[in-house]
Protein chains: 2
Amino acid sequence: MQRRVYEDSVSTSYCDTCAIRNRAICAGLQDDEISLLNAIGRRRHLKAGERLLWEGDEAVLVANVIEGVLKLSTQTVDGKEQILGLAYASDFLGRPFGKTTPYGVEALTDAHVCIFQRADFDRVAREHPGLQHKLLERTLSELDRTRRWMLLLGRMNAEQKLANFLLEMSVRRANVGCADVPGEADVWALPLSRQQIADVLGLTIETVSRQFTKMKKDGLIDLPSRREVAILEHAKLEDLAA
Amino acid sequence: MQRRVYEDSVSTSYCDTCAIRNRAICAGLQDDEISLLNAIGRRRHLKAGERLLWEGDEAVLVANVIEGVLKLSTQTVDGKEQILGLAYASDFLGRPFGKTTPYGVEALTDAHVCIFQRADFDRVAREHPGLQHKLLERTLSELDRTRRWMLLLGRMNAEQKLANFLLEMSVRRANVGCADVPGEADVWALPLSRQQIADVLGLTIETVSRQFTKMKKDGLIDLPSRREVAILEHAKLEDLAA
DNA sequence: CGCTGACTTGAATTCGCTCAACGCGTGTGG
DNA sequence: CCACACGCGTTGAGCGAATTCAAGTCAGCG
């Protein structure tokens, strides 16, 4: 029977050929554990802009990012958005063992995710300490990363924020594909609009734009088009990032 | 043999009579699991101002907060401090399964903690899924709390930040003892100096002071002494917190 | 070709920071 | 006991970075 257009049940070969098989929570699991995840997981394709989770909803899904960039965000009462973080390939999304989803998730680029019904996932996790351990490790390092981001939000000026943002994106993006060749130009397409960058950094769109312009004028970066960046002076950018 | 003055091995009765026995990660563990924790844990008393963990150190300890308030903090390159969060009774400290401690921990009030050698704790956690599960749940909700704090740092003005700070402290403090009687005056001693409050909120000491003064003038709070606060208009304070 | 939405640029404003002075309580040594 | 220093907090003045408000530019698309 045909499933919904964007969902397919995961055949055994899916996990075996999965791009993140060795980096996500699946890494290092035993064969029987992988099979179990296989049985309850589905692949899903998300178009850029499509939402996977809504803040405050009952938490019915958790997922692994296979490819693409997604944003986790929450909203202030007066409607401003604060992006809580970005999720890249092999990152985990959602709130296992919780009632409600604490943040919204939206794809910034076209993306592939491997989704699980939370109830299924919780059950397997409870019964398989290895999986739970992986999840714990991932959550702990996510907590560390989030806390470092607090330093950025609380203590940095616009220039430092943007420098850090570009450097982190450069690293996280590079981790996904092949390793960067040192000395090679560091160019890529930004998966975020100026507004979204502003939301990540706790700035306004105008401030982000001005800082981009300034960095370009100073020769630290290039902006071949609106949605592309090149880091020209990696070292100087790191100095700015302080 | 006498141990160091501030450390005592935990006798069975320690856990049984522990104030946080039913709220920390120990809650709901089986008797044999509790016994194991008992065997590897020690109580330690910290004086206000004493440090338990240093950022960047090899992670040798993890701990449960039994009583008191501690701060988790990190430093910028130029020496400014950013407090990453506060830990209250039943909160968990440290970085299990990690090489280095990602933040410094210092007691703000006199405090009691239940400390474990990380190696011991890791081993017990690995072997006892129940414990690991508790730890995971706690880490996940800590991540949620931290992300909500990002919204405060990234999107709020000084007034909103302080209002949120006071309200959160009121709640977290109240959770420790008996429940607040509604309508009762909400008065307590601040465990933080103005400077520390500034570090928590990503503000300067002067701004914090001015906001305190303003709130007092507006009748929202009272400041019986430098280190005491009373929330007079809880509802109005919540309006400010937005 | 003109419309639309995303981005940039400019000018004015404002919020929080910096710098500086001062107040207050506490401890210390003469 | 007083004088004084010291830490901590408050208050004021001026400044500056980032925001707000307001035009303008640009690219993509019907």
Side-chain angles (χ1 to χ4, degrees), chain A residues 48-49 71 76 78-83 106 108-109 151-166 189-218 221-229 240-242, chain B residues 48-49 71 76 78-82 108-109 151-166 189-218 221-230 240 242:
Chain A
K71 67 167 194 197
T76 53
D78 56 333
K80 276 190 220 163
E81 182 169 43
Q82 171 70 47
I83 294 188
E106 181 183 322
L108 295 176
T109 62
L151 188 65
L152 177 143
L153 289 175
R155 288 294 184 204
M156 290 186 184
N157 61 28
E159 186 176 51
Q160 293 172 311
K161 285 179 177 180
L162 189 59
N164 274 288
F165 169 77
L166 291 174
L190 278 172
L192 291 81
S193 70
R194 296 290 185 270
Q195 181 61 63
Q196 287 166 333
I197 296 172
D199 290 335
V200 173
L201 299 177
L203 296 171
T204 58
I205 184 172
E206 294 96 331
T207 303
V208 171
S209 179
R210 280 186 250 273
Q211 291 300 329
F212 264 121
T213 308
K214 180 158 176 293
M215 284 183 182
K216 180 175 178 179
K217 207 169 59 191
D218 295 349
I221 61 171
D222 191 25
L223 302 166
S225 78
R226 288 183 164 182
R227 279 296 187 121
E228 286 172 302
V229 215
L240 279 195
Chain B
K71 68 168 192 198
T76 53
D78 57 331
K80 275 189 221 162
E81 182 170 46
Q82 171 70 48
L108 296 176
T109 61
L151 187 65
L152 177 142
L153 289 174
R155 289 293 183 206
M156 289 187 185
N157 62 27
E159 186 175 52
Q160 293 173 311
K161 284 180 177 181
L162 190 59
N164 274 287
F165 170 78
L166 292 173
L190 276 173
L192 293 81
S193 69
R194 295 290 186 271
Q195 180 62 63
Q196 288 166 333
I197 296 172
D199 290 335
V200 173
L201 299 177
L203 296 171
T204 58
I205 183 173
E206 295 95 331
T207 302
V208 171
S209 179
R210 279 186 251 273
Q211 291 300 329
F212 264 122
T213 307
K214 181 161 175 293
M215 284 183 183
K216 181 175 177 178
K217 206 169 59 191
D218 295 349
I221 61 171
D222 191 24
L223 301 166
S225 78
R226 287 183 165 183
R227 281 296 188 120
E228 287 171 303
V229 215
L240 280 194

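Any value given below was found using the heavy atoms of this structure, including those in side chains, with hydrogens, waters and symmetry copies removed.
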**Q.** Separation of atom CG in A/Asp199 from atom P in D/dA18, rounded to whole Å
**A.** 17 Å

Q: Please report, rounded to the nearest Å, how far the P atom of D/dT19 is from the CE atom of B/Met156.
A: 16 Å

Q) Where the side chain of A/Glu206 is defined as all heavy atoms beyond and including C-beta, which of C/dT18, C/dG16, D/dT20 is the nearest nucleotide? A) D/dT20

Q. D/dT19 phosphate, OP1 or OP2: any side-chain N/O from A/Thr204 under 4.0 angstrom?
A. yes

Q. Atom CG of B/Leu190 and atom OG1 of B/Thr109: how far apart are they, to the nearest 0.5 Å?
A. 12.0 Å

(Q) Rounding to an integer number of Å, can you tell me how far A/Glu159 CD sits from D/dA18 C1'? (A) 13 Å

Q.
So A/Gln160 and A/Leu240, do their side chains get closer than 4.5 Å, heavy atoms only?
A. no

(Q) I need the CD-P distance between A/Glu228 and C/dA6, as an integer number of Å. (A) 18 Å

(Q) Can you work out whether A/Arg155 or A/Leu192 has the more 5'-proximal nearest nucleotide on DNA chain C? (A) A/Leu192

Q: Measure the distance from CG on B/Leu162 to P on D/dG9 and round it to the nearest whole Å.
A: 14 Å

Q.
Tell me the interatomic distance from B/Leu203, atom CG, to D/dG9, atom C1', rounded to whole angstroms.
A. 16 Å

Q) How far apart are the closest heavy atoms of B/Thr207 and B/Ala158, and which atoms are they? A) CG2-CB, 3.6 Å

**Q.** Closest nucleotide among C/dC17, D/dT19, C/dT8 to the A/Arg210 side chain
**A.** D/dT19

Q. Would you say C/dT9 has OP1 or OP2 under 4.0 Å from some side-chain N or O of A/Thr213?
A. yes

Q | Nucleotide nearest B/Thr207 (side chain, heavy atoms from C-beta), chosen from C/dC17, C/dT9, C/dC24 | A | C/dC17

Q.
When you measure from the side-chain N and O atoms of A/Arg227 to the phosphate of D/dA27, is any distance below 4.0 Å, counting only OP1 and OP2?
A. no

Q.
Between P on C/dC24 and CZ on B/Arg194, what's the gap in Å once rounded to a whole number?
A. 16 Å

Q | Side-chain H-bond candidate by donor/acceptor type, A/Asp199 with A/Gln195, under 3.5 Å | A | yes

(Q) Is it the case that the side chains of B/Ser225 and B/Glu228 hold a donor-acceptor pair, with the cut-off being a distance below 3.5 Å and no angle test? (A) yes

Q | Between C/dA6 (C1') and A/Ile197 (CD1): distance, integer Å | A | 12 Å

Q) Which one, D/dC8, C/dG16, D/dA13, comes nearest to the side chain of B/Arg226? A) D/dC8

